[in-house]
Protein chains: 2
Amino acid sequence: MKTVRDVATKAGVSVGTVSKVLSNNPTVKPALRDRVLTAVADLGYKPNMAARALRTNRLNILGLVVPDISNPFFAQLAKNIEAEAAQQAHMVMLANSDDDPDVEARQIEGLLAQMPKGLIVVGSVDQSKVSIQTEVPIVSVDRRYGDYKLISADHEAGSALVAEHLFQLGHRRIAYISGPQSTEVGRLRRKGFCDRLQQLALADATMKFQIVEGHFDYASGEDIGRRLLSERAELRPTAIAAASDQQAIGALRVARDLGIDVPTDLSIVGFDDITLANLVVPRLTSVSQNTVEIARMAVRTLLSEKPMPTEDQFVETILCARGSSGAVAIK
Amino acid sequence: MKTVRDVATKAGVSVGTVSKVLSNNPTVKPALRDRVLTAVADLGYKPNMAARALRTNRLNILGLVVPDISNPFFAQLAKNIEAEAAQQAHMVMLANSDDDPDVEARQIEGLLAQMPKGLIVVGSVDQSKVSIQTEVPIVSVDRRYGDYKLISADHEAGSALVAEHLFQLGHRRIAYISGPQSTEVGRLRRKGFCDRLQQLALADATMKFQIVEGHFDYASGEDIGRRLLSERAELRPTAIAAASDQQAIGALRVARDLGIDVPTDLSIVGFDDITLANLVVPRLTSVSQNTVEIARMAVRTLLSEKPMPTEDQFVETILCARGSSGAVAIK
DNA sequence: CTGAAAGCGCTTACAG
DNA sequence: CTGAAAGCGCTTACAG
């Protein structure tokens, strides 16, 4: 392995000068600079990151902790974070917390020991407790970790988009399948939907609206969907909005089982825009989180010279209208 | 940050002794050892990885390069690799090659600069060229990278299991939708299926077998499935085996469109056991890769003291028989 | 504008 | 069995 010494010898300068050239220190004369750069290229010199880290107390590394990388949403996030970090010449260390706060704490310690420039944490549980103490900058993404500032999709505004979408399609009997109200995401999505719908429907006496709380999974969507759709056609909802795509897809199946045509007799809308949303028949209308933008914000926040933000940051969502939602049937 | 010096002072020993205790060097007397350990605990001392790396030329890090972490299979693999590495007190640096050999080369350089103990590479393209030179041990996983030894599922044996499964269910008119024969995986899966079927059917004059080459995606499965199933019931295949779950699911859809009942009138089998395989109706019979074992092998191979293996290693696959395959209808 | 030197925190022969 | 010392490759005041 080549070192700064080798480069210095070859270029006929001191190691200090080589170091200055490498760090783009402008006090080096162009002539010398070129000589050094040539030597670097000739020798195929690669700086030793460990030595650099030992001096500077920081490696060109970002740590990322997610509950489970095999969850497609977190995988998508990880991919975009890695891409953004790579653009800024940083590598990403990945750790899974397995949804366990203890594992999470250990993983964070392990990451911190590598002296990263910053840490991105998707909280393992709602607002996990934090025991670590560090000056390494940390941001929470998607789910808050401790008291660290959060960067996430604007769940509330996204759900409001769904409410508008359904209202504008003429639906007046609407059901909302919420997520667990013990989770921040579950609460925010529900609030966004309800608030907006209430605003819109204030003057409309024909409006019928019901909420059923569930889990975020397929089974929950099937259960609740079956209950909602077992009523007579004149009474049951003409539209179901769900807090997750899984729930929505569960409801979609039940509708098919019951012979209720989507979207003619029933509109269904999900949230998250998972890959599957685009593969079911009919394709599912859903709200897409802009993971590219979330990732970019997180990386830039950590790598910028500016002080850490003092407020949470929310990224706009996009409503992807597809085949599963349509205008209410005219009677 | 505490250093070995602090620990040494507190324990009343030299830094060398502290270092020896930390590296479990058995030449330290138990009494001293305990004093050092106590001091470590009291001070909350954490070794500086960069300093250690500078001396030993190796960090407790494993590098992982995948084409695309948002591909569920690679995400699963990454998760298991991270878990196994964590067990051995190593962190994982993740990089995406984006299926581009140039990006791949750059990512590998970046990873190597961090002085990892080893590199796990899922090749970006079939047998990508290698320009890098390093003594860091490298293994290919799933798709070969350069000439490095491969650890992967036994695609051939897995496909043979499918052939047996269908034959034993009594199928004698069988179609195989292959993957691109330009890819190693495509070739191996096809070979495994054909060879085994030929063995089984040698004595059976009623056997009718056809192969159609396609891509690994849904569209390909739909296209080819439609062609295969457009014949009269007495002539068309009673079973379709596909080289991927996507193809199989595409065929499943076509069968539903054509009013052909699965599995009564047609059996369909996929490969890979993706999450979706368990979500379609009926659930898809498929071959599951043991990513836990693949991950374990890869990590252990890199971290073991033993010299790198000189042969490729294949991990057994499992046939998951589900609703989409059944005994051939008795006429 | 350039160079010589100190030192980051650790490990490892080596001497005792 | 333990300690003193050298040195890994780099960066950064400091002197010139």
Side-chain angles (χ1 to χ4, degrees), chain A residues 1-40 43-61 89 110 112-117 134-136, chain B residues 1-40 43-61 89 109 112-117 134-136:
Chain A
M1 211 60 212
K2 306 297 176 195
T3 75
V4 273
R5 287 186 80 92
D6 300 319
V7 177
T9 308
K10 172 128 188 163
V13 297
S14 76
V15 295
T17 304
V18 174
S19 179
K20 276 162 203 155
V21 170
L22 259 26
S23 61
N24 279 314
N25 187 323
T27 68
V28 183
K29 265 201 192 151
L32 262 201
R33 175 187 193 73
D34 287 349
R35 250 163 62 208
V36 171
L37 256 21
T38 307
V40 165
L43 258 30
Y45 165 77
K46 297 272 183 311
N48 181 321
M49 296 302 176
R52 184 174 286 177
L54 182 56
R55 282 292 316 208
T56 62
N57 256 315
R58 208 108 304 173
L59 225 34
N60 278 357
I61 286 183
L112 251 19
Q114 316 290 336
M115 310 199 197
K117 285 263 189 66
T134 174
E135 347 70 74
V136 173
Chain B
M1 213 58 214
K2 306 296 177 199
T3 74
V4 272
R5 287 187 80 91
D6 300 320
V7 177
T9 307
K10 172 130 188 159
V13 299
S14 76
V15 295
T17 304
V18 173
S19 178
K20 274 161 203 154
V21 170
L22 259 27
S23 61
N24 279 315
N25 187 323
T27 69
V28 183
K29 264 203 191 151
L32 262 202
R33 174 186 195 73
D34 288 348
R35 252 165 57 209
V36 171
L37 257 20
T38 307
V40 166
L43 260 28
Y45 166 77
K46 297 273 182 309
N48 181 320
M49 296 302 176
R52 184 173 286 176
L54 183 56
R55 280 294 315 209
T56 62
N57 256 316
R58 210 109 302 174
L59 226 32
N60 278 357
I61 286 183
E109 290 239 330
L112 251 18
Q114 316 292 333
M115 309 199 196
K117 285 262 189 67
T134 175
E135 346 69 77
V136 174

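Order of the sequence lines sets the chain letters (A, B, ...), proteins ahead of strands, with each chain counted from 1.
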Check your understanding: Do we see a donor-acceptor contact under 3.5 Å between the side chains of A:S23 and A:N25?
Key -> no
Exercise for review: Look at the side chain of B:R55 against the base of D:dG7 and say whether a donor-acceptor pair falls under 3.5 Å; ignore hydrogens and angles.
Suggested key: yes
Exercise for review: May I ask you to say what B:V18 touches in the nucleic acid, namely base, sugar-phosphate or nothing, with a heavy-atom cut-off under 4.0 Å?
Suggested key: nothing
**Study point:** Whole-Å gap separating P (D:dT12) and CG (A:L54)
**Key:** 12 Å
Check your understanding: Can you find a donor-acceptor N/O pair under 3.5 angstrom joining the side chain of A:K20 to the base of C:dG3?
Key -> yes
Revision key, fill the gap. For C:dT2, the nucleotide meeting Watson-Crick or G-U wobble distances (both under 3.5 Å) is D:dA15
Check your understanding: Could you give the CZ-to-P distance, from B:R5 to C:dC10, as a whole number of Å?
Key -> 11 Å
Review point. Between C:dC1 atom P and A:R33 atom CZ, what is the distance in whole Å?
Key: 12 Å
Revision key, fill the gap. Note: for B:G12 and A:R52 on DNA chain D, the residue whose nearest nucleotide lies more 5' is B:G12
Review point. Quick one: is C:dG3 close enough that its OP1 or OP2 comes under 4.0 Å of any side-chain N or O from A:T17?
Key: yes
Exercise for review: Can you figure out which of D:dT11, C:dC10, C:dT2 approaches the side chain of A:T27 most closely?
Suggested key: C:dT2
Check your understanding: Which part of the nucleic acid, if any, lies within reach of B:V13 when heavy atoms closer than 4.0 Å are counted: base, sugar-phosphate only, or nothing?
Key -> sugar-phosphate
Practice item. Figure out the CE/P separation between A:M115 and D:dC10, and round it to whole Å. Key: 16 Å
Point to revise | Atom-to-atom span, NZ of A:K2 to C1' of D:dG9 - whole angstrom | key: 15 Å
Review point. For the residue pair B:K20 and B:V28, what are the closest heavy atoms and their distance?
Key: CB-CG2, 3.8 Å
Check your understanding: Tell me: CG of A:N25 to C1' of C:dG3, nearest whole Å?
Key -> 14 Å
**Study point:** From C:dT2, C:dC10, D:dC1, nucleotide with atom closest to B:K29 side chain
**Key:** D:dC1
**Study point:** Rounded interatomic separation in angstrom, taking CG from B:N57 and P from D:dG9
**Key:** 7 Å
Without placing hydrogens or testing angles, list every side-chain donor-acceptor pair under 3.5 Å for residues 3-11 of chain A, not counting sequence neighbours.
from, atom 1, to, atom 2, distance (Å)
A:T3, OG1, A:R5, N, 3.1
A:D6, OD2, A:T3, N, 2.8
A:T9, OG1, A:R5, O, 2.8

Review point. Are B:N57 and B:R52 linked by a side-chain donor-acceptor pair shorter than 3.5 Å?
Key: no
Exercise for review: Answer with base, sugar-phosphate or nothing: what part of the nucleic acid does B:L32 contact at a heavy-atom distance below 4.0 Å?
Suggested key: sugar-phosphate
Check your understanding: Any idea which heavy atoms bring A:A50 and B:M115 closest together, and the distance?
Key -> CB-CE, 3.8 Å
Point to revise | Phosphate OP1/OP2 of C:dG9 contacted by B:T3 side-chain N/O (<4.0 Å) | key: no
Study note, to complete from the structure: Taken to the nearest whole Å, CG/B:L59 to P/D:dG9 is 15 Å
